[in-house]
Amino acid sequence: MSDVNPVESEPWRIAARAHGARLAEAAPGHEASELVPMDVYRALGADGLMAMHVRAELGGAGLRVGDYAEAMMLIAAGCASTAVTMAVTNMVGEVLAAFADPALSARYCSQLAAGGLGGFALSETNAGSDPAGMRTRATPLAGGGYRIDGDKQWISHGDRAAVLVVWAQTERGISCFAVPGDAPGISVVRKEEKLGLRASATCALALENVVVPEEALMGEEGRGFRVAMMALDGGRIGIASQAIGIGECAFAVLRRYVNEARPGQLADFQLADCRTRLDAARLLVHQAANLKQRGVPFTREASMAKLFATEASQLVCDLSAARVPLGHPGRATVERCQRDVRVTRIYEGTSEIQRHVIAREVMKSA
Ligand code: COS
């Protein structure tokens, strides 16, 4: 993997490399059992990898956005299912740190930093690419607080989240709430049968008469859509990085095969194309990460990074799977990468949504 100005001695990098190597050994077992043990997340938490952007006073690691992206690549190169859980939890931690009531934010962020999982409950069956169409409702209660009712769809690790960020319609528009994952009234309706990321449960959740206090509201009532969009801007840097990690994993096998078998110039060219695309993707990720770090708008750059990195990594995985023959010791790994990479072009905004966002932002700046 070529690095962008790496400082090899940074503790988070040493830890992420070690976790990535261990996860690479464990990933086939995770996929077969369709589960990543909670111990894995506790160990990532102990090394500061589950709440990387959250400031230290709230229990987080307070690291730079580019460091988060690099750590995500290293973890995803080991086990992509673990990486998506780390990505979503980091995104949820950031939302909580920025918008939750201070006492709730301190409580939940310290849980996430210790390896508890954060769930992002935005999508619904008919409100995936267009979350503004959501039907889940939060009704104010006479004595204060809200009652939330509705269905949420495609919620990563929704079956074992310590805290869920839940979006719902209120009289003033879409609002956002911090809800304990085990709150009475939340149930897992279904875990989806999936092609890839099989060790990360993708859940349909029902919320029925879920009562939350006033302080569960994050930000102002009716301003939740913006919170979701801001969270997804940052999330897209994470998913772009996850895709690059998966691509790097497949690429390592392809490189080894081409080195051993010397299949010819076409394979050399494919290797060159893959390396070039992965490095270009990484540069786009760092462009977005640097803007976010500086506190300047990065919506367009995050979408460009996600669009390019996920499409590039899909190509790397497809070419590797087409090239590395059956019977090669790395074949099973490449096949897993090919299964796992597919959803990176779908979740946290499909490639079509990224093009929509990029075009919208380009038009705005014209
Ligand atoms: N940051 C902050 N605010 C944002 C924003 C961003 N990145 N993007 C949009 N907004 C705000 C706009 O400013 C606007 O606010 P006002 O109504 O106050 O003016 C509002 O959100 C609506 O924005 P806009 O009209 O530009 O939205 P569009 O309909 O053009 O696009 C898309 C909305 C499609 C971009 C959005 O629905 C989206 O990202 N969909 C994909 C959702 C997704 O990724 N789902 C996966 C969930 S996790 S698996």
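Hydrogens, waters and symmetry mates play no part in the numbers below; they use all other heavy atoms, side chains included. When a ligand or atom number is given, it counts from 1 through the structure's own listing order. Each residue takes its place number in the sequence, starting with 1. In this text the structure is predicted, and so the values were computed from the model without any measurement.
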Within the protein, is there a heavy atom lying under 4.0 Å from [atom]?
atom                    : answer
atom 19 (O) of ligand 1 : no
atom 31 (O) of ligand 1 : yes
atom 16 (P) of ligand 1 : no
atom 4 (C) of ligand 1  : yes

Do the charged groups of [X] and [Y] touch, with an N to O distance under 4.0 Å?
X      : Y      : value
Glu192 : Lys194 : no
Arg339 : Glu31  : yes
Arg282 : Glu70  : yes

Practice task
Check whether more than 12 heavy atoms from other residues, nucleotides or ligands sit under 6.0 Å from atom CG of Asp273, and answer yes or no.
Solution key: yes
Using a 4.0 Å cutoff against the non-hydrogen atoms of [X], which atoms of ligand 1 qualify?
X      : answer
Ile353 : 34 (C), 39 (O), 40 (N), 41 (C)
His356 : 28 (P), 30 (O), 31 (O), 34 (C)
Ser123 : 47 (C)
Arg236 : 39 (O), 41 (C), 43 (C), 44 (O)
Asp233 : 1 (N), 6 (C), 7 (N)
Phe225 : 20 (C), 21 (O), 22 (C), 37 (O)
Thr299 : 7 (N)
Val357 : 35 (C)

Practice task
Please work out which of Ala132, Gly128, Pro131 has its closest non-hydrogen atom nearest to atom 45 (N) of ligand 1.
Solution key: Gly128
Exercise for the section: Could you check which of Gln153, Arg226, Lys306 puts a non-hydrogen atom nearest to atom 13 (O) of ligand 1? Expected result: Arg226
Exercise for the section: Indicate yes or no: does an N/O atom of Asp130 lie under 3.5 Å from an N/O atom of ligand 1? Expected result: no
Exercise for the section: Please determine if Gly349 has a nitrogen or oxygen closer than 3.5 Å to a nitrogen or oxygen of ligand 1. Expected result: yes
Tell me which protein heavy atom sits closest to [atom], plus the residue, atom name and distance to 0.1 Å.
atom                    : result
atom 24 (P) of ligand 1 : Arg360 NH1, 3.9 Å
atom 49 (S) of ligand 1 : Glu348 N, 3.4 Å
atom 1 (N) of ligand 1  : Met230 CG, 3.6 Å
atom 10 (N) of ligand 1 : Met229 CG, 4.0 Å
atom 41 (C) of ligand 1 : Ser129 O, 3.3 Å

Exercise for the section: Could you pull out the closest heavy-atom pair between Ala305 and Ala240, with the gap in Å? Expected result: O-CB, 3.6 Å
Fill in the blank from the handout: In short, Val258 meets Ala267 closest at the heavy-atom pair CG2-CB, 4.1 Å
Would you check if the side chain of [X] reaches a backbone N or O of [Y] as a donor-acceptor pair within less than 3.5 Å?
X      : Y      : answer
Arg300 : Val362 : no
Glu94  : Ala231 : no
Thr202 : Ser156 : no

Practice task
Test Trp154 against Phe120 for ring-ring contact (aromatic ring centres under 6.0 Å, His included), laying out the working first.
Solution key: CA-CA 9 Å; Trp154 309 298; Phe120 193 83; over 10 Å; no
Problem - Cluster overlap Val95 with Ile239, hydrophobic side-chain contacts below 4.5 Å - result: yes
Practice task
Following the transitive rule for hydrophobic clusters with a side-chain heavy-atom cut-off under 4.5 Å over Ile, Leu, Val, Met, Phe, Trp and Tyr, establish whether Met91 and Val84 coincide in one cluster.
Solution key: yes
Problem - Exercise: do Glu124 and Thr136 side chains pair donor with acceptor under 3.5 Å - result: yes
